[in-house]
Amino acid sequence: MSKDRREEYDEQAYSQDQAYDQDEAYDEEEYDSEDELQEDEDQQEEEDSAYEEEYDEDVFSLEEDLRREHRKQWTQYLVFAICAAVVVGLAIYGSIQLTHRRLESQQGIQVQPMPGAASPQPGVTGGPGGLLTATPAPVNYWPSALFPGVPVLESAAYETTVEDGYAQVEVPSETTRSFSQYIETLVEEGAQIYVRTTRLSVLALNEVEIHLVDNNLESKVVLCAEPQIGWDDQDYDAFPLPEAGKLVSVEEGVAAASRVLTYRLASSTDALAYTSALMEAGWTISGSLEPTNNIFSAVFKKNNLQITVDYFSSGDDYRVRLDYLN
């Protein structure tokens, strides 16, 4: 073979080998690209799966939080409802107890026959078919004989307790509706009004102090004309006493060295004048003195002494308490 021929052959062989290598390289590159694509798809699937799992977990957590919040709200509602039911139940129970006490009190009040009406014989009354049946005779009355200068309060019934110059007359609750008219009648007779509120009214007429009491526990009229007493205890000489009013009672207070004095026929002006005299004498008032409807309470101190002036504030009387402080 000639030299030129051989070179031409070698060139053809080289060309074929180069083309083969290119085709093989192309096939390898294409194979490699498919593997990479498959890997990408697998990775994407894994990412999608992880995202779905994370999303499901978030949704589950949110639903669980909502369920807990709903349980918490229902628990709060239940506790509130139970507390409200307890409060309402206690209020109803208290109201029932007060009503029962008042009914028991009124059941003990016996009817007073109207003036001029025919009175049955004591212990008997007309029954069916003309039969006589035993009934208790009326024993209660308005104490006109003891307090002739005080007008009668008209009522269907009375329950009267009388002591020395003192009478307490319980009346049915319906009678309290005529308290306002009764006060007007007393004023027309010359009475002076000391206190007038819905629960308590205090008047003075003909040297008698009249209390009209109307509250949830009782309805009554108290007539106060106790004899005046003298009190001269040297252990309490350091305590100035009221100049106005009638001293009717001295009692021992809570402490052994305490004394409680009850006064009648003293107006709120008289009581306030007493407090002014205490301050002028060097007694220091605790808090402020602000009467409401002429009712007030004030505490005065000097050294180890204390005077409490209670003008119908904590009770139904005008009282002065004297105390030694430790």
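For the numbers below, each heavy atom of this structure counts, side chains included, while hydrogens, waters and symmetry mates do not.
Considering all non-hydrogen atoms of both residues, C224 and H211 come closest at SG-CE1, 4.0 Å. Here the closest non-hydrogen pair linking Q192 and S267 is NE2-CB, 4.0 Å. In terms of heavy atoms, Y194 sits closest to A204 at OH-CB, 3.5 Å. Closest approach of P240 to W283, counting heavy atoms only: CD-CZ2, 3.6 Å. The shortest non-hydrogen separation linking P151 to E189 is CG-CG, 3.8 Å. Across all their heavy atoms, T308 and S297 have their closest contact at CG2-OG, 4.3 Å.
Considering only heavy atoms from C-beta on, D214 stays 4.5 Å or farther from T198 through its side chain. Using a 4.5 Å heavy-atom cutoff, the side chains of F300 and S286 are not in contact. The side-chain heavy atoms of D270 and Y318, taken from C-beta on, include no pair separated by under 4.5 Å. Looking only at side-chain heavy atoms (C-beta outward), V195 and S201 stay at 4.5 Å or farther from each other. Side chains of T284 and K302 form no contact here, defined as non-hydrogen atoms less than 4.5 Å apart. For the pair L325/L305, no side-chain contact is recorded, criterion being any heavy-atom separation below 4.5 Å from C-beta on. The shortest side-chain heavy-atom distance between V213 and S219 does not fall under the 4.5 Å cut-off. For the pair F147 and W142, the minimum side-chain heavy-atom distance is 4.5 Å or more.
Counting heavy-atom neighbours within 6.0 Å of Q228 CD, excluding the residue itself, gives a total above 12. Taking a 6.0 Å sphere around CD of E243, one finds it holds 12 or fewer heavy atoms contributed by other residues, nucleotides or ligands.
Taking the six-membered ring wherever Trp is involved, the centroid distance between the rings of F239 and Y236 falls below 6.0 Å.
Rounded to the nearest 0.5 Å, atoms CZ (R259) and OH (Y324) are 9.5 Å apart. The distance from atom CG of D232 to atom CG of D237, rounded to the nearest 0.5 Å, is 6.5 Å. Atom CD1 of I285 and atom CD1 of I307 lie 12.0 Å apart (nearest 0.5 Å). Rounding to the nearest 0.5 Å gives a distance of 5.0 Å between OG of S178 and CG of L153. The distance from atom CZ of R264 to atom CG of L247, rounded to the nearest 0.5 Å, is 10.5 Å. Residue R319 holds its CZ atom at 4.5 Å from OG1 of T262, rounded to the nearest 0.5 Å.
Placement of V222 and L212 in two distinct hydrophobic clusters is found when ILVMFWY residues are connected by side-chain heavy-atom separations under 4.5 Å, directly or transitively. Linking Ile, Leu, Val, Met, Phe, Trp and Tyr residues whenever their side-chain heavy atoms come within less than 4.5 Å leaves V248 and I229 in two separate clusters. A continuous path of ILVMFWY side-chain contacts below 4.5 Å connects Y311 to L289, so both sit in one hydrophobic cluster. The hydrophobic cluster containing Y263 also contains I295, counting ILVMFWY residues as joined when their side-chain heavy atoms lie under 4.5 angstrom apart, directly or transitively. Under the 4.5 Å side-chain heavy-atom criterion for ILVMFWY residues, no single connected hydrophobic cluster contains both V299 and V320.
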* Apply side-chain contact (heavy atoms from CB on, under 4.5 Å) to R196 and I183, showing your working. => CA-CA 9 Å; R196 186 168 187 180; I183 291 174; 3.7 Å; yes
* To do: Please step through side-chain contact (heavy atoms from CB on, under 4.5 Å) for the pair V162 and Y166, ending with a clear verdict.
  => CA-CA 6 Å; V162 177; Y166 178 92; over 6 Å; no
* Output, in order, the C-alpha distance, side-chain angles, deciding distance and verdict of side-chain contact (heavy atoms from CB on, under 4.5 Å) for N294 and F312. => CA-CA 9 Å; N294 294 334; F312 298 99; over 6 Å; no
* Asked: Would V202 and L200 count as a side-chain contact (heavy atoms from CB on, under 4.5 Å) if you check the C-alpha gap in whole Å, the side-chain angles of each, and the deciding distance to 0.1 Å?
  -> CA-CA 7 Å; V202 180; L200 173 67; 3.9 Å; yes
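When atom types are taken as modelled, the side chain of S313 and the backbone of D310 share no donor-acceptor pair closer than 3.5 angstrom. Between the side chain of T185 and the main chain of Q181, a donor-acceptor pair closer than 3.5 Å is present. In this structure a side-chain-to-backbone donor-acceptor pair under 3.5 Å is present from T275 to L272. Put simply, the side chain of N206 gets close to the backbone of G149: a donor and an acceptor are under 3.5 Å apart. The backbone N or O of L265 lies less than 3.5 Å from a partner atom in the side chain of E209, making a donor-acceptor pair.
Using a 4.0 Å cut-off between a side-chain N of Lys or Arg and a carboxylate O of Asp or Glu, K220 and E170 do not qualify as a salt bridge. The residues R199 and D316 are annotated as salt-bridged, a charged nitrogen and a carboxylate oxygen being separated by less than 4.0 angstrom.
Exactly one of L261, L322, V260 qualifies for a side chain to side chain contact (heavy atoms under 4.5 Å, CB included) with V250. That residue is L261.
When only modelled atom types and interatomic distance are considered, D323 and S258 share a side-chain donor-acceptor pair under 3.5 Å. In this model, a donor atom of one side chain and an acceptor atom of the other lie less than 3.5 Å apart for T175 and S155.
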